[in-house]
Structure formats: structure tokens, C-alpha cells
Amino acid sequence: MKNSDRRGFLKQTAAWGAIAVAPALTSCATGTKNTDMSGKFAHHVFFWLKQADDPQVRSDFRDALIKLASIETVRFKHIGTPAATNREIIDTTYTFSLLVVFDDEKEHDIYQEHPIHDEFREKYADWWTRVQIYDTI
């Protein structure tokens with residue numbers, strides 16, 4: 001498989017993963033089974049930090065993600081790091097992921113324009129080498 005084909009496949013897989021994982025995570029968070037996330041807006045962001053091995057940087061960045069996910073339109077949040085899975089198809093090169101789910105695109109747009117979101121981008125944009133975002137409905 002060519003690298004460009006593999007990258008495209010990985011991007012598509014990650015996008016579908018955000019859709020597939022959200023209901024399961026919500027079920028865990030609410031204590032219910034099979035929570036229907038149909039029609040919700042999921043915003044999944046992957047960050048590759050410049051100083052990923054620095055414990056203080058990781059701690060400060062995690063705290064910033066927690067604050068970001070506290071914006072009132074967020075209905076579900078998950079802050080994660082790569083799992084210890086080891087298969088060729090899985091990308092574990094990122095440092096953190098943030099999955100936030102909204103009722104709809106309008107609520108997502110409010111989040112995007114929120115002062116906490118603006119502050120996050122201004123303060124932390126220099127902390128990463130790459131950011132990759134997948135929005136799904």
C-alpha cells in the first residue's frame with residue numbers, strides 16, 4: 001500500500017472511529033447502555049506536542065484541555081492519549097486527543113467562538129507541531 005493511500009485510509013478510519021467511539025464512551029459516562037448519539041456533532045482533535053516527553057508540559061496541556069472541554073455547549077468530553085495497542089493500522093504518534101460532542105453544529109459554532117477556546121488557541125498553538133481535526137455528525 002502506498003503511503004498516500006495509507007494516510008487516506010487512516011484519516012477515514014479515524015473519522016469513523018470518532019463516530020463509533022462516542023456512543024460507547026457516553027454509555028460509560030452516564031451508566032446507561034446503547035446511548036444513541038444520532039444527530040450529535042462530534043469534534044475530535046489530535047495534538048502532537050513539541051515537548052511531548054516533558055511531564056510538566058503534559059500536565060499543563062491536559063489541564064488546558066479540561067478547561068476547554070468545560071465550555072457550556074459541550075455535552076460529552078473525552079481527553080485521551082494513545083492506547084497501548086500495536087497494529088499497523090493504528091496511529092499512536094499523537095500526544096493527546098480531545099473528543100467533544102455537541103447537540104448540533106450551532107452548539108459547536110458557539111464553542112469555536114467562545115473566549116476560552118480563543119484563549120486556548122492563542123496560548124497553546126506554539127506548543128504543538130501538528131493538530132488534526134475530524135468533525136462528524
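All figures in this text were calculated on a predicted structure; none of them were measured in a lab. No hydrogens, no waters, no symmetry mates; every other heavy atom, side chains included, goes into these values.
Looking at residues two or more places apart in sequence or on another chain, you find a side chain to side chain donor-acceptor pair (under 3.5 Å) between E119 and K67. Legend: residues meeting salt bridge (charged side-chain N to carboxylate O under 4.0 Å, His left out) with R75, ordered by chain and number and at least two apart, are D103, E107. Every residue two or more places apart in sequence or in another chain that forms a ring-ring contact (aromatic ring centres under 6.0 Å, His included) with F102 is listed here: H108, Y111.
Of the N and O atoms on the side chains of R58 and Q56, not one donor lies less than 3.5 Å from an acceptor on the other residue.
Remark: of the listed residues V100, L99, V131, V131 is the sole one forming a side-chain contact (heavy atoms from CB on, under 4.5 Å) with V45.
Annotation: K50, atom NZ; neighbour count of heavy atoms from other residues, nucleotides and ligands within 6.0 Å is above 12. Atom CG of D63 has more than 12 neighbouring heavy atoms from other residues, nucleotides or ligands inside a 6.0 Å radius.
Put simply, OG1 on T92 and CG on N86 are 7.5 Å apart, with the number rounded to the nearest 0.5 Å. Atoms CD1 and CD, on I71 and Q112 in that order, are 8.5 Å from each other to the nearest 0.5 Å.
Both I79 and F61 belong to a common hydrophobic cluster when Ile, Leu, Val, Met, Phe, Trp and Tyr are linked at side-chain heavy-atom distances under 4.5 angstrom. Criterion: ILVMFWY side-chain heavy atoms under 4.5 Å apart, direct or through other members. Under it, I137 and I110 are not part of a common hydrophobic cluster.
Side-chain contact between L65 and F120 is present, with at least one heavy-atom pair separated by less than 4.5 Å. Considering only heavy atoms from C-beta on, W48 comes within 4.5 Å of Q132 through its side chain. For the pair H44/I133, no side-chain contact is recorded, criterion being any heavy-atom separation below 4.5 Å from C-beta on.
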Discussion item. Side chain to side chain contact (heavy atoms under 4.5 Å, CB included) for D60 and W127? Distances and angles first, verdict last.
Written reply: CA-CA 11 Å; D60 291 349; W127 286 39; 3.9 Å; yes
Worksheet item: Passes side chain to side chain contact (heavy atoms under 4.5 Å, CB included), L98 versus L68? Steps please.
Response: CA-CA 9 Å; L98 170 68; L68 185 60; 3.7 Å; yes
Worksheet item: Is there a side chain to side chain contact (heavy atoms under 4.5 Å, CB included) between S97 and T81 once you walk through the steps?
Response: CA-CA 6 Å; S97 77; T81 56; over 6 Å; no
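Remark: aromatic rings of F47 and Y94 are distant, center separation not under 6.0 Å.
The side-chain tip of R62 does not point at the ring of F96 from less than 6.0 angstrom away and within 45° of straight on.
Contact check on D118 versus R121 returns a salt bridge, with a Lys/Arg side-chain nitrogen under 4.0 Å from an Asp/Glu carboxylate oxygen.
Remark: the backbone N or O of A52 is not paired with any side-chain donor or acceptor of T95 at under 3.5 angstrom.
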